[in-house]
Student: 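Please find one structure pasted underneath; my questions will follow.
Ligands are counted one by one from 1 in listed order, and the atoms in each one are counted from 1 as well. The structure displayed is predicted, hence computed values, not measured ones.
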Amino acid sequence: MKIIVDKYLHSSPHDLKNIKIALDEKKLSGTSEYITNYEEKLAEYFKIKFVVAQSSGSAALHSALYALNVKPGDEVVLPAISPLPTALPIITAGAIPIFVDIKPDTFGFDITDLKKKLTKKTKAAILVPLWGYPIDYTETIKVLKKYNVPLIEDCAQSHGTLINGMQTGSFGAVGCWSTHDRKLLSTGEGGFIATKDKKISDKIRQFSQLGYMNNIDYGVNYKLSSVQAALGVSRLPDIEMHVEKRTANARLLEKGLIDTEIVPLPILENSRPNYYGFVIKLPFSKEKNKKFINMLEERGIPSDMLQYKYKPLYKRELFKKYYKDKCPVTENLIDSITTLPVHPGIKKSEISYMIKQIKEILKEL
Ligand SMILES: *Cc1c(COP(=O)(O)O)cnc(C)c1O
């Protein structure tokens with residue numbers, strides 16, 4: 001029997017109660033007291049001092065680039081494996097995305113390629129702990145410091161991911177999160193930024209609140225409404241539940257596939273992934289791996305590789321004009337991985353179904 005492994009939409013029993021509290025403030029806009037309450041709770045959970053709520057993860061990335069003084073014509077380095085929404089705000093800022101290759105089996109920079117791509121025009125770097133997988137930042141931060149280039153962490157997929165006990169977003173100059181429906185913290189649409197630097201946080205707040213309409217400073221409206229923040233407040237404590245259930249599901253899949261040629265993507269030492277997605281490495285050629293992913297899809301098991309038409313950024317139409325050189329390690333990884341859903345809505349029977357289907361497909365290929 002074919003089972004369709006469904007998407008997951010999180011909710012909390014406290015949602016309505018918190019929305020009522022937000023409504024009772026008699027101010028629903030982004031300057032409501034309720035937003036301050038939400039920002040304080042985020043700062044406490046993520047252990048980063050200054051938090052500014054934003055209307056989306058994309059808005060957060062644009063605000064971060066603005067606050068770090070990225071101007072039209074400046075360059076921003078990022079891994080070619082980054083998803084489309086990480087790169088779009090670079091264009092919004094008028095800057096030029098420069099694509100860097102990755103270290104094998106990770107979503108971190110290849111240091112040699114990074115050094116090659118840093119120029120006088122480089123004004124920021126972005127890293128993305130994709131599917132919630134921790135990245136070893138140590139070397140990257142050393143190199144960026146030397147070149148005086150600030151790091152933005154795009155944590156849209158890594159709420160709850162820990163490296164040496166610290167949340168992603170704590171390592172660079174600014175961390176940017178999305179709270180879109182699919183992320184581990186969901187307010188429908190929304191996002192936030194966190195930073196240790198008060199000056200950066202002040203600049204982001206002013207920028208995203210129309211320059212405080214002071215007639216001097218430029219700004220946009222990237223404010224989050226208090227009704228959205230209410231969902232954030234009620235669901236924030238559930239991030240840990242998410243990570244636990246996703247980890248347990250990933251372990252079951254790992255165990256079920258142990259006697260196959262499929263291996264999980266390795267995990268950085270002293271770290272905790274949040275398993276936004278469970279990434280596996282496939283044993284075949286590029287074409288055969290593609291076939292494997294399509295066969296899974298036909299059997300009701302979705303893959304982010306298909307859903308987001310995964311490819312290096314420089315192969316996407318919009319970014320082709322920024323192509324400089326091929327990133328071979330990136331291409332290799334994209335052609336040899338896929339994701340399995342491990343969200344909290346998945347039943348044990350669905351995990352057994354996934355394992356059974358994978359084993360059947362491996363036999364057929
Ligand atoms: C979802 C996502 C974004 C964009 O967030 P929105 O809230 O949808 O604007 C940016 N970067 C990454 C890595 C994402 O997964």
Student: Is Pro83 touching ligand 1 with its side chain, its backbone, both, or neither, if touching means heavy atoms under 4.0 Å apart?
Tutor: side chain
Student: Is there a heavy atom of Gly191 sitting under 4.0 angstrom from any atom of ligand 1?
Tutor: no
Student: With heavy atoms only and a cut-off of under 4.0 Å, state how Lys183 meets ligand 1: side chain, backbone, both or neither.
Tutor: side chain
Student: With a 4.0 Å cut-off, would you call Lys115 and Asp110 a salt bridge?
Tutor: no
Student: Do the ring centers of Phe278 and Trp131 come within less than 6.0 Å of each other?
Tutor: no
Student: Atom 13 (C) of ligand 1: which protein heavy atom is closest, and how many Å away?
Tutor: Asp154 OD2, 3.3 Å
Student: Does any N or O of ligand 1 fall below 3.5 Å from an N or O anywhere on Gly57, backbone included?
Tutor: yes
Student: Do Lys203 and Tyr66 meet the cation-pi criteria used here (NZ or CZ under 6.0 Å from the six-membered ring centre, within 45° of the axis)?
Tutor: yes
Student: Which is closest to atom 7 (O) of ligand 1 by heavy-atom distance: Gly188, Cys155, Ser178?
Tutor: Ser178
Student: Nearest to atom 3 (C) of ligand 1, what protein heavy atom do you find, and at what distance?
Tutor: Pro85 CB, 3.6 Å
Student: Salt bridge check: are Lys142 and Glu139 linked by an N-O gap of less than 4.0 Å?
Tutor: yes
Student: Which of the numbered atoms in ligand 1 are under 4.0 angstrom from any heavy atom belonging to Val128?
Tutor: 13 (C)
Student: Does a side-chain N-to-carboxylate-O contact under 4.0 Å join Lys311 and Glu331?
Tutor: no
Student: His180 versus ligand 1: do any nitrogen or oxygen atoms come within less than 3.5 Å of each other?
Tutor: no
Student: Considering only NZ, NE, NH1 and NH2 on the basic side and carboxylate oxygens on the acidic side, decide whether Arg299 and Glu350 come within less than 4.0 Å.
Tutor: no
Student: Quick test of your reading of the model: are Glu33 and Lys26 salt-bridged, counting only N-O distances below 4.0 Å?
Tutor: no
Student: Any carboxylate oxygen within less than 4.0 angstrom of a Lys/Arg side-chain nitrogen, looking at Lys116 and Asp101?
Tutor: no
Student: For ligand 1, which atoms have a heavy atom of Ser56 less than 4.0 angstrom away?
Tutor: 7 (O), 9 (O)
Student: Among all protein heavy atoms, pick the one closest to atom 9 (O) of ligand 1 and tell me residue, atom and distance.
Tutor: Ser58 OG, 2.5 Å
Student: With a cutoff of 4.0 Å, is Gly190 in contact with ligand 1, counting heavy atoms of the residue only?
Tutor: yes
